[in-house]
Trainee: 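A single structure is presented below for examination.
It should be emphasised that the depicted structure is a prediction, and the values quoted were computed from it without experimental measurement. Any value given below was found using the heavy atoms of this structure, including those in side chains, with hydrogens, waters and symmetry copies removed.
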Amino acid sequence: MKEEIQNDFAQFFQSRDVYERYRIPWKRGVLLIGPPGNGKTHTVKALVNQLARPCLYVKAFKTEYETDQENIRLVFARARASKPCLMVLEDLESMIDDKSRAFFLNELDGFESNTGVVVVATTNYPERLDPAILNRPSRFDRKYYFDLPGPSERAAYLALWNQKLQAELRLSAKVAGEVVLATAGFSFAYLKELFLSSMMQWISIGRGMSMDKIILHQTAMLRSQISDGQAKSPDHNHNLAPEMKTGEDRLS
């Protein structure tokens, strides 16, 4: 998927003459979809660095003195003035409401020309997006899914961390396998937190306990925290998905 995304964007910016020759609008809309902590923002940052194009990074349309519509108009105007460029809309589901949706769609559809503008939006909760945004191909014609890591992905991530650690901090093969099974539903961000918190715990107790014992304890504690968050959140099914909903299982 990494190579596909890289090639997709690079080819688009190199193909203006082809688009114009065949009278295809030279603009794009790309949606990155998936639960928090699985690489959407990291991918956006990598693309911005790799493409070396002007980038407008937008977190919200709300300000104290201007309306959402005024700010949407301003953002798109700046993008058109900076073309060819990237416009990044982070957490799109939180940016658009019933009052601003129609205005946003008009700007996205390009009553004024959006030639050379690539809109890259991220969303943690696609079900909160209006079908007019999510499902109409001419608006976001490409969708990339950043799902929770499956067992082999978790194993690879743990192995990568393990090999970078000093010998006394490394996990045994047996415990590494147990952690892979015990972290079903963890995002990559939670897996990173698991290692960092375990290392801090190992240091704080005077290095008198093995990392194997510490990381198993931290795994149980993090899982408990996630479960508590599920109970409090109406959208808890998106925070800790069952194993059958991981990216690996969708592919299989």
Trainee: Asp212: which residues meet the salt bridge (charged side-chain N to carboxylate O under 4.0 Å, His left out) condition with it, sequence neighbours left out?
Mentor: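 Asp212 satisfies salt bridge (charged side-chain N to carboxylate O under 4.0 Å, His left out) with no residue once adjacent residues are dropped.
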
Trainee: For Ser197, give me all partners under side chain to side chain donor-acceptor pair (under 3.5 Å), at least two apart in sequence or on another chain.
Mentor: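 Ser197: side chain to side chain donor-acceptor pair (under 3.5 Å) contacts with Gln218.
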
Trainee: Please tabulate, one pair per line, all N/O donor-acceptor pairs under 3.5 Å involving side-chain atoms of residues 23-47, not counting sequence neighbours.
Mentor:
| from | atom 1 | to | atom 2 | distance (Å) |
| --- | --- | --- | --- | --- |
| Trp26 | NE1 | Phe12 | O | 3.0 |
| Lys27 | NZ | Asp109 | O | 3.0 |
| Arg28 | NE | Asp141 | OD2 | 2.9 |
| Arg28 | NH1 | Asp8 | OD1 | 3.0 |
| Arg28 | NH2 | Asp8 | OD2 | 3.4 |
| Asn38 | OD1 | Phe188 | N | 3.2 |
| Asn38 | ND2 | Pro35 | O | 3.3 |
| Lys40 | NZ | Gly34 | O | 2.8 |
| Lys40 | NZ | Pro35 | O | 3.3 |
| Lys40 | NZ | Asn124 | OD1 | 2.9 |
| Thr41 | OG1 | Glu90 | OE2 | 2.6 |
| Thr43 | OG1 | Gly39 | O | 2.8 |

Trainee: Hey, what else clusters with Leu160 if you join Ile, Leu, Val, Met, Phe, Trp, Tyr whenever side-chain heavy atoms sit under 4.5 Å?
Mentor: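 None, because no other hydrophobic side chain comes under 4.5 Å of this residue.
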
Trainee: Would you verify whether the NZ or CZ of Arg101 falls within 45 degrees of the ring axis of Phe104 while also being under 6.0 Å from that six-membered ring's centre?
Mentor: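 That pair does not qualify as a cation-pi contact.
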
Trainee: My understanding is that only residues two or more places apart in sequence, or in another chain, count here; which of them pass ring pair (Phe, Tyr, Trp, His ring centres under 6.0 Å) with Phe61?
Mentor: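 In terms of ring pair (Phe, Tyr, Trp, His ring centres under 6.0 Å), with neighbours along the sequence ignored, Phe61 is linked to no residue.
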
Trainee: Decide whether Ser94 and Asp91 meet the rule of one side-chain donor and one side-chain acceptor closer than 3.5 Å.
Mentor: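 Not at all, the side chains of Ser94 and Asp91 share no donor-acceptor pair under 3.5 Å.
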
Trainee: Could you tell me which non-hydrogen atom of Val117 sits nearest to which non-hydrogen atom of Ala79, and how far apart they are?
Mentor: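 Minimum heavy-atom separation between Val117 and Ala79: CG2-O, 4.0 Å.
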
Trainee: Taking only residues two or more places apart in sequence, or in another chain, which ones meet Glu66 in a side chain to side chain donor-acceptor pair (under 3.5 Å)?
Mentor: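 Testing Glu66 for side chain to side chain donor-acceptor pair (under 3.5 Å), a comparison that skips the adjacent residues, returns Thr63.
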
Trainee: Taking only residues two or more places apart in sequence, or in another chain, which ones meet Asp68 in a side chain to side chain donor-acceptor pair (under 3.5 Å)?
Mentor: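 Asp68 satisfies side chain to side chain donor-acceptor pair (under 3.5 Å) with Lys62 once adjacent residues are dropped.
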
Trainee: So which residues get pulled into Tyr65's cluster when ILVMFWY side chains under 4.5 Å apart are joined, directly or through others?
Mentor: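 Members alongside Tyr65: none; it stands by itself.
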
Trainee: Considering non-hydrogen atoms only, spot the tightest contact between Ile214 and Trp202 and give its length.
Mentor: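 Heavy-atom minimum between the residues: CD1-CA, 3.4 Å.
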
Trainee: Suppose we screen for side chain to side chain donor-acceptor pair (under 3.5 Å). Which residues come up paired with Gln50, at least two apart in sequence or across chains?
Mentor: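 Partners of Gln50 under the side chain to side chain donor-acceptor pair (under 3.5 Å) test: Gln6.
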
Trainee: Taking salt bridge (charged side-chain N to carboxylate O under 4.0 Å, His left out) as the test, write out the residues that go with Arg16, two or more places apart.
Mentor: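 Per chain and number, Arg16 pairs via salt bridge (charged side-chain N to carboxylate O under 4.0 Å, His left out) with Glu20.
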
Trainee: Which residues pass the salt bridge (charged side-chain N to carboxylate O under 4.0 Å, His left out) test with Glu178, sequence neighbours left out?
Mentor: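 Listed in chain order: Lys174.
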
Trainee: Could you pull out all residues at least two apart from Lys192 that satisfy salt bridge (charged side-chain N to carboxylate O under 4.0 Å, His left out)?
Mentor: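 Checked Lys192 against salt bridge (charged side-chain N to carboxylate O under 4.0 Å, His left out); zero matches.
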
